Amino acid sequence: MVGLKPPEVPPTAGIKFVSAGLAGCIADLCTFPLDTAKVRLQLQGEVRIPRTVGAVRYRGVFGTLSTMVRMEGARSLYSGLAAGLQRQMSFASIRIGLYDSVKQLYTPKGAESTGLAPRVLAGCTTGAVAVACAQPTDVVKVRFQANGALLDGARRYSGTVDAYRTIAREEGVRGLWRG
């Protein structure tokens, strides 16, 4: 029938949780090469300080992207994508997907509207929990992104699961929360 609107039913916490993670994954797919270039630029010169201008491997974001494609292939732009998507599913799902539920916990019962303090507390709580849960995935993602920048070009990990295992074995479980 024309003009009838479906009843407005707010999405459940589960729907918010999953949709926030999926939205984060879609965004990550689009911006991942830029993140990889950022990591390469940040690490440039860490292993050995370039002595001359010609020793600088990467110059700017687009120069870094083109150098990576030319020297390592286009797939290098998405090195660590699996860990990046895992990070988005955990980080965005918790931070965004659970925000409203946590905000309700901090809102006094019977309050007509949510004040600033409960919103700030909810944001801090979900953000802190999200960072704590997602940090291992971020460590693995950055290790893969940096892998091609190694001087000897040696690959340390055969895959994402191997990276988690190797880091935990060689650096201890706390190594997954480095940084």
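In this chain, numbering begins with 1 at the start of the sequence shown. Computed from a predicted structure; not experimentally measured.
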[X]: side chain to side chain donor-acceptor pair (under 3.5 Å) partners, not counting sequence neighbours:
{"X": "Ser93", "answer": "none"}
{"X": "Tyr99", "answer": "none"}
{"X": "Gln135", "answer": "none"}
{"X": "Thr31", "answer": "none"}

Got a sec, which residues hit side-chain contact (heavy atoms from CB on, under 4.5 Å) with [X], two or more places apart in sequence or on another chain?
{"X": "Leu121", "value": "Tyr106"}
{"X": "Ile15", "value": "Pro11, Thr12"}
{"X": "Tyr78", "value": "Phe32, Pro33, Leu81"}
{"X": "Cys124", "value": "Val120"}

Please report the shortest heavy-atom distance between [X] and [Y], naming the atom on each side.
{"X": "Cys133", "Y": "Pro136", "value": "O-CD, 3.6 Å"}
{"X": "Gly175", "Y": "Val139", "value": "O-CG1, 4.0 Å"}
{"X": "Ala20", "Y": "Gly97", "value": "CB-N, 3.8 Å"}
{"X": "Val140", "Y": "Ala83", "value": "CG1-CB, 3.7 Å"}

Rounded to the nearest 0.5 Å, how far does [atom2] of [Y] lie from [atom1] of [X]?
{"X": "Thr166", "Y": "Arg169", "atom1": "OG1", "atom2": "CZ", "value": "4.5 Å"}
{"X": "Arg75", "Y": "Met68", "atom1": "CZ", "atom2": "CE", "value": "13.0 Å"}
{"X": "Glu72", "Y": "Thr67", "atom1": "CD", "atom2": "OG1", "value": "9.5 Å"}

Grouping I, L, V, M, F, W and Y whenever their side-chain heavy atoms are under 4.5 Å apart, do [X] and [Y] come out in a common cluster?
{"X": "Leu65", "Y": "Met71", "result": "no"}
{"X": "Met89", "Y": "Ile26", "result": "no"}
{"X": "Ile167", "Y": "Val173", "result": "yes"}
{"X": "Leu34", "Y": "Tyr58", "result": "yes"}
{"X": "Leu29", "Y": "Val69", "result": "yes"}

So, does Ser66 use its side chain to make a donor-acceptor pair with the main chain of Gly63 at under 3.5 Å?
yes
Would you say Ser79's side chain and Phe144's backbone share a donor-acceptor pair under 3.5 angstrom?
yes
Pair Ile96-Phe17, side-chain contact (heavy atoms from CB on, under 4.5 Å): steps then yes or no:
CA-CA 7 Å; Ile96 298 168; Phe17 188 81; over 6 Å; no
Residues at least two apart in sequence or cross-chain that pass salt bridge (Lys or Arg N to Asp or Glu O under 4.0 Å) with Asp100, listed by chain then number, are Lys16, Lys103
Can you list, by chain and residue number, the hydrophobic cluster partners of Phe91 when the side-chain cut-off is 4.5 Å?
Val131
Can you list every pair that meets salt bridge (Lys or Arg N to Asp or Glu O under 4.0 Å) and has a residue in residues 28-37, with sequence neighbours left out?
Asp35-Lys38, Asp35-Lys141
Pairs meeting criterion salt bridge (Lys or Arg N to Asp or Glu O under 4.0 Å) with involvement of residues 170-179, two or more places apart:
Arg143-Glu171, Arg156-Glu170, Glu171-Arg178
Is there a side-chain contact between Leu77 and Thr36 (heavy atoms, below 4.5 Å)?
no
